[in-house]
Q: 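After the structure tokens below, expect a handful of questions from me.
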Amino acid sequence: MTEEGKLIIVSAPSGSGKSTIIRYLLSLDLPIAFSVSATSRPPRGQERDGVEYYFLSPETFREKITAGEFIEYEEVYEGAYYGTLRSEIERIFKTGRHVIFDIDVVGGCNLKQQFGDRALSIFIQPPSIDELRHRLEIRHTDSPAIIAKRIEKASFEMGFASRFDVVVVNDDLERAKSEALNVIKQFLKL
């Protein structure tokens, strides 16, 4: 990667509000663009290929891993890969914008380690595991078994918060959005 763009990494346990905060940030007049991740899981709800994710078959995903086409990837759940395509980051840098990621916690840590000071890592923390469970249940996008898996994973992911540059507790959405905006403006020197 020869371009000098910066990376804004936003990670959180599922249901913490990271996607809502990222949508808010993208609605503002900031020089940032969303990095569409690739996944081998099927679309949920109204998700569209190339918008929320690039939906790849597990076989295609593994072929791209072998070909070195990912900056980072992880098998988040058994058989469900997620990753960041090199071509996606290069595409955004060529437009003169910085990249913002909605990425799982381990992937966020991997990107921060790889890009160092070129990256700002933000961890969106839910107020509690009970509140997180409630948020996932009211979405009506996952079965109770999937929600239980997500809660178990969220408990594990909360242990990574200290590895991020900034922790934003999302107990008040407007305050959390404002806090995230302020740290990004400082990082980008806006």
Side-chain angles (χ1 to χ4, degrees), residues 1 3-39 51-53 70-74 76 82-86 88-93 95-129 131-136 139 150-151 153-190:
M1 301 234 166
E3 303 293 330
E4 287 304 313
K6 292 185 176 181
L7 298 91
I8 300 159
I9 301 160
V10 184
S11 297
S14 181
S16 297
K18 74 179 181 300
S19 299
T20 300
I21 291 170
I22 290 169
R23 275 194 302 276
Y24 163 73
L25 294 167
L26 289 168
S27 75
L28 304 174
D29 189 24
L30 298 171
I32 61 174
F34 183 69
S35 171
V36 178
S37 295
T39 184
V51 178
E52 288 82 11
Y53 289 96
F70 286 98
I71 289 176
E72 63 76 38
Y73 70 90
E74 182 190 2
V76 177
Y82 291 80
T84 303
L85 291 162
R86 238 174 250 292
E88 179 70 359
I89 306 312
E90 291 166 356
R91 178 189 68 77
I92 293 169
F93 284 165
T95 68
R97 293 177 289 171
H98 305 286
V99 181
I100 188 166
F101 296 88
D102 179 339
I103 192 167
D104 73 277
V105 172
V106 174
C109 289
N110 291 341
L111 280 175
K112 177 62 180 179
Q113 184 176 359
Q114 188 173 346
F115 287 94
D117 291 341
R118 276 183 72 189
L120 169 67
S121 60
I122 303 171
F123 186 89
I124 308 297
Q125 184 170 305
S128 69
I129 291 293
E131 175 60 22
L132 191 59
R133 182 185 327 275
H134 173 70
R135 290 176 184 179
L136 291 171
R139 277 185 183 177
R150 287 175 177 263
I151 293 299
K153 184 167 177 51
S155 297
F156 168 75
E157 290 174 327
M158 298 282 274
F160 285 82
S162 64
R163 295 178 58 185
F164 285 74
D165 297 322
V166 177
V167 175
V168 174
V169 178
N170 185 10
D171 55 359
D172 175 278
L173 182 58
E174 294 308 311
R175 186 195 53 72
K177 290 192 307 193
S178 176
E179 190 176 333
L181 175 60
N182 289 335
V183 297
I184 289 169
K185 281 183 166 181
Q186 287 176 348
F187 177 65
L188 297 179
K189 296 178 174 44
L190 299 177

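FYI, side chains are in, hydrogens and waters are out, and symmetry mates aren't considered; it's all heavy atoms of this structure.
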Q: So, does Ser37 use its side chain to make a donor-acceptor pair with the main chain of Thr84 at under 3.5 Å?
A: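 Between the backbone of Thr84 and the side chain of Ser37 there is no qualifying donor-acceptor contact (under 3.5 Å).
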Q: Just so I know, are the side chains of Tyr24 and Thr20 near enough to count as touching, which here means a heavy-atom distance under 4.5 Å?
A: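 No. Closest side-chain heavy atoms not under 4.5 Å.
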Q: Would you check, one step at a time, whether the test side-chain contact (heavy atoms from CB on, under 4.5 Å) holds for Ile129 with Ser155?
A: CA-CA 7 Å; Ile129 291 293; Ser155 297; 3.7 Å; yes
Q: Does the side chain of Leu28 reach to within under 4.5 Å of the side chain of Leu26, using non-hydrogen atoms?
A: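 No, every pair of side-chain atoms sits at 4.5 Å or beyond.
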Q: Is Arg163 atom CZ crowded by more than 12 heavy atoms from other residues, nucleotides or ligands, each under 6.0 Å away?
A: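 No, not enclosed.
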Q: Any donor-acceptor pair under 3.5 Å linking the side chain of Arg91 with the backbone of Ser35?
A: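 Between the backbone of Ser35 and the side chain of Arg91 there is no qualifying donor-acceptor contact (under 3.5 Å).
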Q: Using a 4.5 Å cut-off on heavy atoms from C-beta on, say whether the side chain of Ile32 contacts that of His98.
A: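 In short, these two side chains touch, coming nearer than 4.5 Å.
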Q: Check Ala38 against Phe70 and note the closest heavy-atom contact, atom names and distance.
A: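 Residues Ala38 and Phe70, closest heavy atoms: CB-CE2, 3.9 Å.
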Q: Per the ring pair (Phe, Tyr, Trp, His ring centres under 6.0 Å) rule, what does the pair list look like for residues 162-190, sequence neighbours excluded?
A: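 Listed by first then second residue: Phe123-Phe164.
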Q: Is a side-chain N or O of Arg118 found less than 3.5 angstrom from the main chain of Gly5, in a donor-acceptor match?
A: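 Yes, because the side chain of Arg118 sits within donor-acceptor range (under 3.5 Å) of the backbone of Gly5.
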Q: Less than 4.5 Å apart, any side-chain heavy atom of Pro13 and any of Lys153?
A: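 The answer is no, as the side chains (C-beta and beyond) never meet within the 4.5 Å cut-off.
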Q: Do Phe101 and Val10 make a side-chain contact, defined as non-hydrogen atoms from C-beta onward lying under 4.5 Å apart?
A: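 No - every pair of side-chain heavy atoms lies 4.5 Å or more apart.
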Q: Taking atom OH as the centre, does Tyr73 end up with more than 12 heavy-atom neighbours from other residues, nucleotides or ligands that are less than 6.0 angstrom away?
A: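 Open: at most 12 neighbouring heavy atoms sit under 6.0 Å from OH of Tyr73.
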Q: Evaluate the side-chain proximity of Gln186 to Asn182: yes if any heavy-atom separation is below 4.5 Å, no if none is.
A: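 With C-beta onward as the side chain, the pair stays apart.
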Q: Identify the two heavy atoms, one from Val51 and one from Phe34, that lie closest to each other, and give their separation to 0.1 Å.
A: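 Result for this residue pair: O-CE2, 4.0 Å.
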Q: Compute whether any side-chain donor of one residue and acceptor of the other, for Ser19 and Asp102, lie under 3.5 angstrom apart.
A: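 Their side chains do contain a donor-acceptor pair, which is all the 3.5 Å distance test asks for.
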Q: What's the separation between atom CD in Gln125 and atom CD in Glu157, rounded to the nearest 0.5 Å?
A: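 One finds 12.0 Å between CD of Gln125 and CD of Glu157.
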Q: State whether the number of non-hydrogen atoms from other residues, nucleotides or ligands found under 6.0 Å of Gln114 atom CD is greater than 12.
A: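 Check passes, neighbour count above 12.
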Q: Please evaluate residues Leu30 and Arg97 with respect to the criterion side-chain contact (heavy atoms from CB on, under 4.5 Å), reporting the C-alpha separation (whole Å), side-chain torsions for both, the decisive distance (0.1 Å), and the verdict.
A: CA-CA 9 Å; Leu30 298 171; Arg97 293 177 289 171; over 6 Å; no
Q: Could you tell me whether a side-chain N or O of Glu74 sits under 3.5 Å from a main-chain N or O of Tyr82, the two making a donor and an acceptor?
A: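 No; zero donor-acceptor contacts below 3.5 Å.
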Q: Output the distance between atom CG (Leu181) and atom CD (Glu179), rounded to the nearest 0.5 Å.
A: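 Leu181 CG to Glu179 CD: 11.0 Å, rounded to 0.5 Å.
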Q: Nearest heavy-atom pair of Ala180 and Ile21: which atoms, and what distance?
A: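 Taking Ala180 first and Ile21 second, the nearest heavy atoms are CB-CG2, 3.9 Å.
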Q: Roughly how far apart are Leu190 CG and Asp29 CG, rounded to 0.5 Å?
A: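 It is 9.5 Å, given to the nearest 0.5 Å.
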Q: So, for Ile92 and Ala33, which heavy atoms are closest and what is the spacing to 0.1 Å?
A: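 Heavy atoms of Ile92 and Ala33 come nearest at CG2-CB, 3.7 Å.
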Q: Can you tell me how far SG of Cys109 sits from CD of Glu72, rounded to the nearest 0.5 angstrom?
A: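 With rounding to 0.5 Å, CD (Glu72) is 11.0 Å from SG (Cys109).
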Q: Among Ile100, Ile184, Ile9, Val167, find the residue that satisfies the side-chain contact (heavy atoms from CB on, under 4.5 Å) test when tested with Ile122.
A: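 When Ile100, Ile184, Ile9, Val167 are each tested with Ile122, the side-chain contact (heavy atoms from CB on, under 4.5 Å) holds only for Ile184.
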Q: Taking C-beta and beyond as the side chain, do Leu132 and Ser16 meet within less than 4.5 Å on heavy atoms?
A: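 Yes, their side chains come closer than 4.5 Å.
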Q: Do Glu90 and Arg86 pass the salt bridge (charged side-chain N to carboxylate O under 4.0 Å, His left out) test, and can you show the C-alpha distance, the side-chain angles, and the key distance before you say yes or no?
A: CA-CA 6 Å; Glu90 291 166 356; Arg86 238 174 250 292; 5.8 Å; no
Q: Mark yes or no for whether Asn170, through its side chain, and Ile124, through its backbone, hold a donor-acceptor pair below 3.5 Å.
A: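 Side chain of Asn170 to backbone of Ile124, a donor-acceptor pair under 3.5 Å: no, none is there.
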Q: Out of Val183, Leu120, Ile8, which one pairs with Leu188 under the side-chain contact (heavy atoms from CB on, under 4.5 Å) rule?
A: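 With Leu188 as partner, side-chain contact (heavy atoms from CB on, under 4.5 Å) holds for just one option, Ile8.
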Q: Taking 4.0 angstrom as the limit, do Glu131 and Arg135 come out as a salt bridge?
A: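 Looking at Glu131 and Arg135, the cut-off is met.
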Q: For the residue pair Leu85 and Ile71, establish whether any side-chain heavy-atom pair is separated by less than 4.5 Å.
A: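 Heavy-atom side-chain distance check fails, nothing below 4.5 Å.
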Q: Do any N or O atoms from the side chain of Lys112 and from the backbone of Gly116 form a donor-acceptor pair under 3.5 angstrom?
A: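 A pair under 3.5 Å: yes.
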Q: Going from CD1 on Ile103 to CG on Leu111, what distance comes out if it is rounded to the nearest 0.5 angstrom?
A: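 The distance works out to 4.5 Å.
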